[in-house]
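The structure under discussion appears below in the form of structure tokens.
Both counts, for ligands and for their atoms, begin at 1 and track the order of listing.
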Amino acid sequence: RILQSALRQAVLRDEFRLEYQPLVNLADGRIVGAEALLRWQHPERGLLPPGDFIALAEDAGLIGQIGEWVLGQACREAANWPEHVGIAVNLSPLQFRDSGLVEIIDRALAQAGLAPGRLELEITETTMLETNSETVDALWQLHGRGVRVALDDFGTGYSSLSYLRRFPFDKIKIDRSFIRDLGYEKDDSSIVLAIIGLAERMGMVVTAEGVETPRQAEILNSYGCGQAQGYLFSRPVSAAVFGELLVTGT
Ligand code: G
Ligand code: G
Ligand code: MN
Ligand code: NA
């Protein structure tokens with residue numbers, strides 16, 4: 001069990017790291033961006049995944065501070081990459097509700113010297129449940145600056161198509177549970193095809209998550225899915241290794 005006090009110390013001691021998982025353009029396999037994934041370099045337990053401590057960070061009131069560090073670090077590291085390579089950052093519902101969010105993002109971009117169009121914010125459907133006029137306003141402000149907004153884990157939460165109509169989403173990320181049995185489960189193929197068609201007509205990019213096999217990639221490409229992410233291309237890797245992937249081209 002991890003204690004709040006240990007997490008507080010981790011913030012002070014700067015024990016967090018980001019790993020990066022490539023997002024590839026399905027048609028040619030080229031890297032077009034990365035999703036930043038948070039890890040805690042615990043002094044005794046080693047590298048801990050976010051599932052082990054994000055909920056605790058939220059309960060302890062630390063997610064704002066940690067999330068701000070994530071945004072700053074992700075923007076700084078992305079500023080070293082070629083301009084066509086973007087960076088996606090996951091936002092906790094609590095960060096989303098913070099009235100200072102737009103300012104925090106402005107500052108992260110300015111301090112890193114990163115163009116707003118290279119930053120993408122990943123927001124889950126569950127997060128969208130808790131919207132109010134202020135959060136909606138923040139989304140539109142960020143969108144107005146050119147920051148991109150992605151609806152993450154699409155299809156798993158309380159999916160409401162009205163979100164797509166009311167909010168400025170630039171991208172849908174299809175949850176990996178729909179990708180897993182692609183080509184074997186007829187219903188999954190229908191759902192994935194429908195999401196891709198919907199996104200296309202609404203001018204949104206689609207990313208398929210959890211792509212693990214060449215067959216899944218092939219099917220998704222034939223469906224017209226623009227981007228993919230998953231172990232087939234790469235696991236989440238350190239900034240240094242991601243930099244090498246950018247040079248060698250996957
Ligand atoms: O890295 P891993 O594959 O274990 O990611 C698990 C989940 O943790 C992801 O689905 C993502 O939503 C969440 N996550 C990863 N990094 C961050 C982060 O920086 N902030 C928040 N709030 N969640 C994150
Ligand atoms: O933000 P999100 O919940 O989508 O976080 C992505 C999570 O999915 C990370 O925990 C990452 O390690 C995991 N992941 C990424 N690619 C794959 C994959 O191909 N297969 C599986 N099973 N998990 C993946
Ligand atoms: Mn995500
Ligand atoms: Na996801």
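- For the residue pair Gln9 and Arg13, a side-chain donor N or O sits within less than 3.5 Å of a side-chain acceptor on the partner.
- The atom of Glu35 nearest to the Mn ion (ligand 3) is OE2, with the search restricted to N, O or S atoms.
- Not a single heavy atom of Lys173 sits under 4.0 Å from any atom of ligand 2.
- When distances to the Mn ion (ligand 3) are checked against a cut-off of 2.8 Å, Glu122 contributes an N, O or S atom below that limit.
- Contact atoms of ligand 1 toward Val70: 19 (O) (distance under 4.0 Å to a heavy atom of the residue).
- For ligand 1, the polar-atom distance check against Asp153 finds no nitrogen or oxygen pair separated by under 3.5 Å.
- Between Glu19, Glu35, Glu122, it is Glu35 that holds the heavy atom closest to atom 5 (O) of ligand 2.
- Across the listed options Arg235, Gln229, Arg176, Glu209, Arg176 owns the non-hydrogen atom lying nearest to atom 13 (C) of ligand 2.
- Without hydrogens or angle criteria, Arg97 side chain to Glu130 main chain gives no donor-acceptor distance under 3.5 Å.
- Counting heavy atoms closer than 4.0 Å to ligand 2, residue Leu232 contributes nothing at all.
- No side-chain heavy atom of Arg8 sits under 4.5 Å from any side-chain heavy atom of Leu3.
- Atom numbering of ligand 2 starts at 1 in the shown order; those under 4.0 Å from a heavy atom of Gly230 are 16 (N), 19 (O).
- A salt bridge links Glu120 with Arg148: the closest approach of a Lys/Arg side-chain nitrogen to an acidic carboxylate oxygen falls below 4.0 angstrom.
- Across all non-hydrogen atoms, the minimal contact from Trp40 to Ala6 is CZ2-O, 3.8 Å.
- Those atoms of ligand 1 that come under 4.0 Å of a heavy atom in Ser92, given as number and element, are 22 (N).
- For residue Asn90, an N/O/S atom approaches the Mn ion (ligand 3) to within less than 2.8 Å.
- At distances below 3.5 Å, not a single donor-acceptor pair connects side-chain atoms of Gln4 with backbone N or O atoms of Leu56.
- Follow the hydrophobic side-chain contacts under 4.5 Å out from Leu23 and you never reach Phe178; the two are in separate clusters.
- Using a 4.0 Å cut-off between heavy atoms, Val89 makes no contact with ligand 1 at all.
- Taking each of Leu38, Asp175, Leu71, Ile63 in turn, the one with a heavy atom nearest to atom 18 (C) of ligand 1 proves to be Leu38.
- No donor-acceptor distance shorter than 3.5 angstrom exists from the side chain of Trp69 to the backbone of Gln65, with no hydrogens or angles considered.
- The atoms of ligand 2 that sit less than 4.0 Å from any heavy atom of Glu212 are 18 (C), 19 (O), 20 (N), 21 (C), 22 (N).
- With 2.8 Å as the limit, Asp153 does not count as an N, O or S neighbour of the Mn ion (ligand 3).
- Between Arg145 and Ile105 there is no side-chain heavy-atom pair separated by less than 4.5 Å.
- Side-chain atoms of Gln216 come within 3.5 Å of backbone N or O of Arg180 as a donor-acceptor pair.
- Taking the six-membered ring where the residue is Trp, Phe167 and Tyr163 present tilted rings, their angle falling between 30° and 60°.
- Looking only at N/O/S atoms, Asp152 comes nearest to the Mn ion (ligand 3) through OD2.
- Near Gln21, with a cut-off below 4.0 Å to any heavy atom, the atoms of ligand 2 are 15 (C), 16 (N).
- Within ligand 2, the atoms closer than 4.0 Å to a non-hydrogen atom of Val211 are 19 (O), numbered from 1 in the order shown.
- The side-chain hydrogen bond (donor to acceptor under 3.5 Å, both in side chains) test with Thr207 singles out one residue from Gln227, Gln229, Glu122, and that residue is Gln227.
- Atom 7 (C) of ligand 1 has its nearest heavy-atom neighbour, among Pro50, Pro93, Ala36, in Pro50.
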